[in-house]
Amino acid sequence: MNNTTETSPSLEGGEALNIIKVGGNIIDNEEKLTSFLDDFSKLKGLKVLIHGGGKVATEISKGLGIEAQMVDGRRITDAETLKIVTMVYGGLINKRLVAQLQARNNNAIGLTGADANIIPAHKRPANPIDFGFVGDVEKEKMDGKTLALLLENGMVPILAPLTHDQQGNMLNTNADTIASTVAVSLSKKFNVNLIYCFEKEGVLNAEDNVIGEITKSYFAKLKEEGVVVAGMIPKLDNAFEAINQGVKAVYIMHADGLLNLINEGISTGTLIK
Ligand SMILES: Nc1ncnc2c1ncn2[C@@H]1O[C@H](COP(=O)(O)OP(=O)(O)O)[C@@H](O)[C@H]1O
Ligand SMILES: CC(=O)N[C@@H](CCC(=O)OP(=O)(O)O)C(=O)O
């Protein structure tokens, strides 16, 4: 940890709300997941958890003889893959997180974007690439009212990366995008901090050191140099979108730094500028 930035966890105006996204590399690791849930359950104030699980879905698919196909960090989701991701994200992972958080005295409620139409979406057009049953979120239609209702009644929403097409089909939807969309919509009512937790210290530079603060132009440079690659590119795109649309603070950081950031106001990861 070579970078420490002071930040204010509680902001002016509405009540503070922490929206945390946790990815597949932590969910897939028993020890890391337990440690993450211990910390998440201790976070003070209003909170929402958005989970991924891409790594688990890939392993389970493989076990069933279906090789995962990813393009630009998104999963090609045919009818069989849709069944798998619905079971894995909406069932196995989501309900396990709920049970684990209930055991830690958090009143978790597990939902997909289809429940109460929380996250309006449509099937991604088949051109130029046919991703199959993949959802694009209709950001302008998301109002956050149901989530606000749950939060105001003491519940902790746990959201799976699934939406629906309004015609009876579930859609697989990237968890980082869901996190950004939910954060933007709730920022109309709350003072939102969006925190992307993963297994590295933050966004790393060419020397593998954490970048304390990242601007859009610095991101463009790192992308050009091939220092920021793969899943980190759409994660940063989503992070910049959130900060430019009303979210108070966005961080990309190691899951181990969560308690320090939220309860103490000390950042050890990357702040999006
Ligand atoms: N410059 C970078 N700094 C940190 N991680 C990076 C960087 N460039 C690429 N990555 C990769 O991005 C991954 C995180 O993206 P992704 O796998 O989509 O996250 P998640 O675990 O949240 O699903 C990291 O595991 C890391 O391998
Ligand atoms: C369309 C699409 O690609 N959906 C993602 C949803 C899961 C996810 O985002 O998981 P992580 O956060 O662990 O990467 C997928 O199936 O991999």
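Here the structure is a predicted model, which means the values were calculated and not measured. Start at 1 and go down the list; that is how both ligands and their atoms are numbered.
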Looking just at side-chain N and O atoms, do His122 and Gln166 make a donor-acceptor pair shorter than 3.5 Å?
no

Would Met70 count as a polar contact of ligand 2, with the cut-off being nitrogen or oxygen pairs under 3.5 Å?
no

Looking at ligand 1, is there an atom of it that comes within less than 4.0 Å of some heavy atom belonging to Gly202?
yes

Mind checking whether His254 and Lys200 have side chains closer than 4.5 Å, heavy atoms only?
no

For ligand 2, is Lys21 a contact, meaning one of its heavy atoms is under 4.0 Å away?
yes

Considering heavy atoms of the protein only, find what lies nearest to atom 8 (N) of ligand 1 and give residue, atom and distance to 0.1 Å.
Val229 N, 3.2 Å

Please report which non-hydrogen protein atom sits nearest to atom 15 (C) of ligand 2, along with the residue it belongs to and the distance in Å to one decimal place.
Tyr89 OH, 3.2 Å

Can you pull out the closest protein heavy atom to atom 3 (N) of ligand 1? Residue, atom name and distance to 0.1 Å, please.
Leu204 N, 2.9 Å

Take every heavy atom of Lys21, measure it against each atom of ligand 1, and state whether any distance is under 4.0 Å.
yes

Short list, please: which atoms of ligand 1 are under 4.0 Å from a heavy atom of Glu199?
24 (C), 25 (O)

Would you check whether Phe131 reaches within less than 4.0 Å of ligand 2, judged by its heavy atoms?
no

How many angstroms lie between atom CD1 of Ile119 and atom CG of Leu111, to the nearest 0.5 angstrom?
9.0 Å

NZ/NE/NH1/NH2 to OD/OE distance under 4.0 Å, Asp176 and Lys235:
yes

Can you give me the closest heavy-atom contact between Asn29 and Asn25, atom names plus distance?
CB-O, 3.7 Å

Under 4.0 Å from a heavy atom of Gly23: give me the atoms of ligand 1 that qualify, with their elements.
20 (P), 21 (O), 22 (O), 23 (O)

Donor-acceptor side-chain pairing of Ser35 and Asp38 below 3.5 angstrom
no

For atom 27 (O) of ligand 1, closest protein heavy-atom neighbour
Lys200 NZ, 3.4 Å

Among side-chain atoms of Asn191 and Glu15, is any donor-acceptor pair under 3.5 angstrom?
no

List every atom of ligand 1 that sits less than 4.0 Å from any heavy atom of Gly231, numbering the atoms from 1 in the order shown and giving each element.
15 (O), 18 (O)

Say whether Val134, considering both its backbone and side-chain N or O atoms, lies within less than 3.5 Å of an N or O atom on ligand 2.
no

Region of Thr173 that comes within reach of ligand 2 [heavy atoms, distance under 4.0 Å]:
backbone

Rounded to the nearest 0.5 Å, what's the gap from OG on Ser217 to NZ on Lys273? Could you check?
12.5 Å

Checking a contact table here: which protein heavy atom is nearest atom 14 (O) of ligand 2, and how many Å away?
Gly54 N, 4.4 Å

Atom 13 (O) of ligand 2 - nearest protein heavy atom and its distance
Gly24 N, 2.7 Å

Would you say that Glu59 contacts Asp28 through its side chain, given a criterion of any heavy-atom pair below 4.5 Å between the two side chains?
yes

If you measure every N or O of Arg75 against every N or O of ligand 2, does any of those distances drop under 3.5 Å?
yes

Note: ligand 1 atoms sitting under 4.0 Å from heavy atoms of Asn25 are 21 (O), 25 (O)

For Arg75 and Gly54, indicate whether the former's side chain and the latter's backbone hold a donor-acceptor pair under 3.5 Å.
yes

Of all protein heavy atoms, the one nearest atom 14 (C) of ligand 1 is Phe198 CD1, 3.7 Å

Gly52-ligand 2 polar pair, N/O distance under 3.5 Å
no

Does any N or O of ligand 2 fall below 3.5 Å from an N or O anywhere on Gly23, backbone included?
no

Assess whether side-chain contact (heavy atoms from CB on, under 4.5 Å) is satisfied between Ile195 and Leu258, documenting all intermediate values.
CA-CA 8 Å; Ile195 300 136; Leu258 194 57; 3.9 Å; yes

Might you work through the salt bridge (charged side-chain N to carboxylate O under 4.0 Å, His left out) test for Glu80 and Lys83, ending with a clear yes or no?
CA-CA 5 Å; Glu80 282 309 301; Lys83 287 183 196 166; 3.1 Å; yes

Counting heavy atoms only, which of His51, Lys235, Met232 comes nearest to atom 12 (O) of ligand 1?
Met232

Return yes if a side-chain donor-acceptor contact under 3.5 Å exists between Lys21 and Asn238, otherwise no.
no

Short N or O distance, Val227 and ligand 1, threshold 3.5 Å exclusive
yes

Under a heavy-atom criterion of less than 4.0 Å, does Gly53 contact ligand 2?
yes

Scan the side chains in residues 129-137 for donor-acceptor partners under 3.5 Å anywhere in the protein, sequence neighbours excluded, and list what turns up.
{"residue": "Asp130", "atom": "OD1", "partner": "Gly132", "partner atom": "N", "Å": "2.9"}
{"residue": "Asp136", "atom": "OD1", "partner": "Arg124", "partner atom": "NE", "Å": "3.0"}
{"residue": "Asp136", "atom": "OD1", "partner": "Arg124", "partner atom": "NH2", "Å": "3.0"}
{"residue": "Asp136", "atom": "OD2", "partner": "Arg124", "partner atom": "NE", "Å": "3.4"}

min-distance protein heavy atom vs atom 9 (O) of ligand 2 -> Ala175 N, 3.0 Å

Using heavy-atom distances only, which candidate in Asn172, Ile178, Ile76, Val22 approaches atom 5 (C) of ligand 2 most closely?
Asn172

Applying the side chain to side chain contact (heavy atoms under 4.5 Å, CB included) test to Met170, which of Thr77, Val85, Leu162 qualifies?
Leu162

